[in-house]
Peer 1: 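Supplied in structure tokens, the structure appears directly below.
As a basis for the values below, the full set of heavy atoms in this structure was taken, side chains included, without hydrogen atoms, waters or symmetry mates.
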Amino acid sequence: MSNAVKITALSVAIVIGGLGMAAAKDGGKRQQIDFETLDTDGNGLLTQAELDARGAARFAAADTDGDGALSAEELMARSQRATEARIERMMSRLDADEDGKLTQEEMSAARRGGGDSSRMIKRIDSDGDGAISKDEFETAQANFRDRQGKRKGKKKETSE
């Protein structure tokens with residue numbers, strides 16, 4: 001794969017990744033980017049030029065040495081900053097005693113308060129008894145496999 005193709009693919013990934021989330025933070029949480037931010041000319045329409053400009057700005061922000069290309073180091077630095085931000089949000093949300101550490105109790109309390117496992121039970125528990133039976137579990141697995149298969153099928157269709 002040529003460097004031009006790699007850079008183009010990376011640029012597309014940055015644009016697509018950047019459309020869902022805003023770079024600005026509010027209260028430690030990343031916010032969904034709003035339409036008005038993308039609609040830079042304020043005409044009520046998103047054009048390819050506006051989306052390209054957003055992508056170019058994100059690319060330029062990641063290109064810290066300004067050479068027009070993203071090195072592995074620049075990508076790692078960008079990834080590191082994103083990881084650090086996620087960890088900071090997690091700590092501020094879950095570290096109840098604010099000691100800079102997460103205990104098993106704090107993690108369990110977060111799950112009981114609507115964390116991943118309680119949402120999973122609510123989503124999969126089709127009979128509403130507060131527990132997941134083997135049948136409900138197997139149904140959820142089958143539904144997941146079906147969704148994954150449909151996604152893979154769509155990827156194959158678009159790449160042909």
Side-chain angles (χ1 to χ4, degrees), residues 3 6-40 46 50-134 136-152 155:
N3 283 341
K6 288 178 187 176
I7 290 172
T8 300
L10 185 56
S11 297
V12 169
I14 289 171
V15 170
I16 291 170
L19 290 179
M21 303 297 276
K25 295 180 186 176
D26 181 19
K29 293 185 179 182
R30 290 172 61 108
Q31 298 239 319
Q32 289 279 346
I33 191 164
D34 60 9
F35 184 87
E36 290 74 22
T37 300
L38 293 172
D39 181 20
T40 56
L46 292 182
E50 287 167 322
L51 297 179
D52 289 347
R54 170 94 174 141
R58 291 181 54 79
F59 187 94
D63 181 18
T64 56
D65 64 9
D67 69 351
L70 297 178
S71 67
E73 291 81 14
E74 288 168 322
L75 292 171
M76 288 297 290
R78 186 174 189 272
S79 176
Q80 180 69 29
R81 288 188 302 273
T83 298
E84 289 170 359
R86 279 192 301 277
I87 291 170
E88 287 174 18
R89 288 190 304 272
M90 183 178 178
M91 292 300 290
S92 69
R93 194 175 65 246
L94 302 180
D95 185 16
D97 62 6
E98 299 179 356
D99 67 350
K101 301 175 186 176
L102 294 178
T103 63
Q104 180 65 42
E105 291 79 23
E106 289 169 324
M107 299 289 286
S108 294
R111 282 192 299 275
R112 284 190 304 273
D116 293 340
S117 62
S118 66
R119 283 194 305 258
M120 179 184 73
I121 289 174
K122 288 175 188 173
R123 188 174 57 247
I124 296 173
D125 178 23
S126 60
D127 64 9
D129 67 357
I132 299 172
S133 68
K134 184 175 181 180
E136 290 168 328
F137 184 82
E138 289 173 351
T139 298
Q141 282 186 319
N143 290 339
F144 178 76
R145 284 190 301 269
D146 289 346
R147 285 191 306 273
Q148 290 299 100
K150 288 177 183 174
R151 284 189 201 132
K152 289 179 183 175
K155 287 180 185 176

Peer 1: Run the side-chain donor-acceptor check on residues 140-147: report pairs under 3.5 Å with partners two or more places apart or on a different chain.
Peer 2:
residue: Asn143; atom: ND2; partner: Thr139; partner atom: O; Å: 3.4

Peer 1: For the atom pair CG (Asp63) and CZ (Arg78), what is the distance rounded to the nearest 0.5 Å?
Peer 2: 12.0 Å
Peer 1: Sequence neighbours left out, what passes salt bridge (charged side-chain N to carboxylate O under 4.0 Å, His left out) with Glu138? Give chain and number order.
Peer 2: Lys134
Peer 1: Should Arg89 and Ser92 be marked as a side-chain hydrogen bond (donor to acceptor under 3.5 Å, both in side chains) after you check the CA-CA gap, both sets of side-chain angles, and the distance that decides it?
Peer 2: CA-CA 5 Å; Arg89 288 190 304 272; Ser92 69; over 6 Å; no
Peer 1: What residues, two or more places apart in sequence or in another chain, satisfy salt bridge (charged side-chain N to carboxylate O under 4.0 Å, His left out) together with Lys101?
Peer 2: none
Peer 1: For Thr64, enumerate each residue passing the side chain to side chain donor-acceptor pair (under 3.5 Å) test, keeping only those at least two apart in sequence or located in another chain.
Peer 2: Glu74
Peer 1: Should Phe59 and Leu70 count as side-chain neighbours, where that means a heavy-atom distance under 4.5 Å?
Peer 2: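 When only atoms from C-beta onward are counted, Leu70 and Phe59 do touch, with a gap below 4.5 Å.
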Peer 1: Using the test side chain to side chain donor-acceptor pair (under 3.5 Å), find all partners of Glu84 that sit at least two apart in sequence or belong to another chain.
Peer 2: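 Gln80.
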Peer 1: Could you pull out all residues at least two apart from Met91 that satisfy side-chain contact (heavy atoms from CB on, under 4.5 Å)?
Peer 2: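 Testing Met91 for side-chain contact (heavy atoms from CB on, under 4.5 Å), a comparison that skips the adjacent residues, returns Ile87, Asp95, Leu102.
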Peer 1: Can you tell me how far CG of Leu51 sits from CG of Leu38, rounded to the nearest 0.5 angstrom?
Peer 2: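 Going from the CG atom of Leu38 to the CG atom of Leu51 covers 6.5 Å.
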Peer 1: More than 12 heavy atoms of other residues, nucleotides or ligands under 6.0 Å from CD of Glu98: yes or no?
Peer 2: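 Atom CD in Glu98 is not crowded, with 12 or fewer foreign heavy atoms closer than 6.0 Å.
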Peer 1: Hey, could you give me the NZ/CD1 distance between Lys122 and Ile132, rounded to the nearest 0.5 Å?
Peer 2: 12.5 Å
Peer 1: Is the side chain of Thr83 donor-acceptor paired with the backbone N or O of Ser79 at a distance under 3.5 Å, no angle test?
Peer 2: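 Answer holds: yes.
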Peer 1: Looking just at side-chain N and O atoms, do Gln104 and Ser108 make a donor-acceptor pair shorter than 3.5 Å?
Peer 2: yes
Peer 1: Has the side chain of Glu136 got a donor or acceptor atom that lies under 3.5 Å from a matching backbone atom of Asp127?
Peer 2: yes
